[in-house]
Amino acid sequence: MEMESKKKKTIFSGVAPSGNIHIGNYLGAIKQWVKIQESGEFRTIFCVVDEHAITVPQDPEKLRAKIMEVAALYLAVGIDPEKSLIFIQSHVSEHAELGWILNTITPLGELQRMTQFKDKSQKQKSILAGLFNYPTLMAADILLYQTNLVPVGEDQLQHIELTRTLAKKFNAQFGETFVIPEPMINKTGARIMGLDNPENKMSKSAESPNNYIALLDSPETIRKKIKVAVTDSGSEIKYDREKKPAVSNLLTIYSLFAEKPIEEIEKEYEGKGYAEFKKDLAEVIIEGLSPLQAKYKEFENNPDAVMAILKKGAEKAKETASRTMSEVREKIGFV
Ligand code: ATP
Ligand code: LTN
């Protein structure tokens, strides 16, 4: 058993407890995590990255609630503490520690190139150093656990590329220490676009809640948001990213929730209009989210049980994290 688990590749991923977790996060990342866990082929680690959330200002009370909400959502979608490690980033201090050390080998220019930083800093009145250094902390998250694969949405590719660069640089400078991780991206759903603007990705920090469907949105809210979702000119339900970006996005969402190929859905709606398609799409999403919403309620009503799982997870995570850190400290010459 021990031999077997040693051979398993490690998967690590996380979501920041900020804003409302939406179907983009779900279809692009979290839904995959459950599949990977269930395959039994990997050592799976899923983290609530609260230290990343505070790279933009957060209200402490709201942050506390969000951390528990995201943890409960992980459990509700099917992350099973018997099969995966689930924990809160700030409970394992090695993340911040390695993040600092990686900062000392990160060229400023690399961080300045990051598109997420450019996008997010535009929305801030005052740009904080933590937002700039966000990718080095993410690299630390990944490298601490000698991660092989990182299942994320497309927008995180650049951060994983930087993680690889830093791991290689550290290894070259101080000797083999880190596994070089690779991204794991879904073929469809890796970039769900905003419902109010199909030019930009669906985002937790979007100004309008009509941009996204949150995993915890009520059926009425989902119906309303789909009803007002932007569509394209013409009336055909046809997948064409160039000419029909909005409808293509809705078709992608439909296809992933209904687990039906897009061509089949196009056929079903031949000769039918947007209104009918949208009405059905809302029901498909409601149905797709209803089991996890029901499970979420159970965990929401039992925060002590959730916290117990998270504490146990952090203890186990610390075993690996502290091993990596001892090696790192030794390699860089700390005494
Ligand atoms: P923000 O816009 O505030 O940065 P976000 O909506 O991008 O938030 P994150 O916490 O950054 O959410 O992302 C969590 C996970 O969800 C990551 O793996 C990310 O790649 C994925 N993800 C985020 N948005 C989308 C999207 N629109 N489509 C597919 N995957 C997404
Ligand atoms: N930056 C990621 C969240 C994140 C993450 C990670 C994802 C922080 N650390 C490590 C994968 C692995 C985001 O989705 N915005």
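Read the numbers this way: they start at 1 and go in the same order the structure lists the ligands and their atoms.
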- Item | Other residues, nucleotides, ligands: >12 heavy atoms within 6.0 Å of K295 NZ | no
- Query: Within a reach of under 6.0 Å around NZ of K316, are more than 12 heavy atoms found that belong to other residues, nucleotides or ligands?
  - Reply: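 Not more than 12 within 6.0 Å, no.
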With nothing but distance in play, are any N or O atoms of [X] less than 3.5 Å from an N or O of ligand 1?
X	value
S205	yes
G24	yes
S203	yes
E154	no
N25	yes
M202	yes
A29	no

Are [X] and [Y] close enough for a salt bridge, meaning some N to O gap below 4.0 Å?
X	Y	answer
E315	K312	no
E207	K123	no
K35	E259	no
E268	K260	yes
E41	K8	no

Heavy atom under 4.0 Å from ligand 2: found in [X]'s side chain, backbone, both, or neither?
X	answer
L137	neither
V150	side chain
D155	neither

- Query: Honestly, is K272 close enough over Y269, meaning NZ or CZ under 6.0 Å from the six-membered ring centre and within 45° of the axis?
  - Reply: yes
Does at least one non-hydrogen atom of [X] fall below 4.0 angstrom from an atom of ligand 1?
X	value
A16	yes
S13	no
Q116	no
H22	yes
S18	no

Show which atoms of ligand 1 fall inside a sub-4.0 Å distance from at least one heavy-atom site of [X].
X	value
G28	29 (C), 30 (N)
G153	18 (O), 19 (C), 20 (O), 21 (C), 30 (N)
G189	29 (C)
V15	10 (O), 14 (C)

What is the closest protein heavy atom to [atom], and at what distance does it sit?
atom	answer
atom 12 (O) of ligand 1	K204 CE, 2.9 Å
atom 7 (O) of ligand 1	K201 NZ, 2.2 Å
atom 3 (C) of ligand 2	G14 O, 3.6 Å
atom 11 (O) of ligand 1	Q156 NE2, 4.2 Å
atom 4 (O) of ligand 1	K120 NZ, 2.8 Å
atom 20 (O) of ligand 1	D155 OD1, 2.5 Å
atom 28 (N) of ligand 1	I192 N, 2.8 Å

- Task: Any chance you could measure H91, atom NE2, to Q89, atom CD, to the nearest 0.5 Å?
- Result: 11.0 Å
- Item | Nearest-0.5 Å distance that lies between atom CG in L149 and atom CD in E182 |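 Rounded to the nearest 0.5 Å, the CG-CD separation comes to 6.5 Å.
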- Message: I'd like to know if S13 contacts ligand 2, where contact means a heavy-atom distance under 4.0 Å to any ligand atom.
- Response: yes
- Describe, in one word, how the ring planes of F277 and Y254 are oriented to each other, choosing from parallel (under 30°), tilted (30 to 60°) and perpendicular (over 60°).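 Answer is parallel, since the angle falls under 30°.
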- Message: Please report whether ligand 2 has a polar contact with D141, defined as an N or O pair separated by less than 3.5 Å (distance criterion only).
- Response: yes
- Examine the proximity of ligand 1 to A190 and report which part, side chain or backbone, both or neither, has a heavy atom under 4.0 Å away. backbone
Between [X] and [Y], is any side-chain donor less than 3.5 angstrom from a side-chain acceptor?
X	Y	answer
D80	Q37	no
N211	K201	no
Q158	T115	yes

- Which ligand 2 atoms does I142 reach within 4.0 Å, using its non-hydrogen atoms?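 Close to I142: 10 (C), 12 (C).
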- Proximal atoms of ligand 2 relative to V152 (non-hydrogen, under 4.0 Å): 7 (C), 11 (C)
- Run the numbers on R241 and S248 for side chain to side chain donor-acceptor pair (under 3.5 Å), then give the verdict. CA-CA 6 Å; R241 275 274 175 210; S248 301; 5.4 Å; no
- So between Y134, Y145, F12, F46, whose heavy atom ends up nearest atom 15 (N) of ligand 2? Y134
- Query: Considering the options V179, I45, V150, L98, which one meets the side chain to side chain contact (heavy atoms under 4.5 Å, CB included) requirement together with I142?
  - Reply: V150
- Message: If I compare all heavy atoms of E236 with all of Y274, which pair ends up nearest, and what's the gap?
- Response: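 E236 and Y274 have their closest heavy atoms at O-CE2, 3.5 Å.
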- Query: Out of curiosity, does W33 fall in the hydrophobic cluster containing L73 (side-chain heavy atoms, cut-off under 4.5 Å, transitive links)?
  - Reply: yes
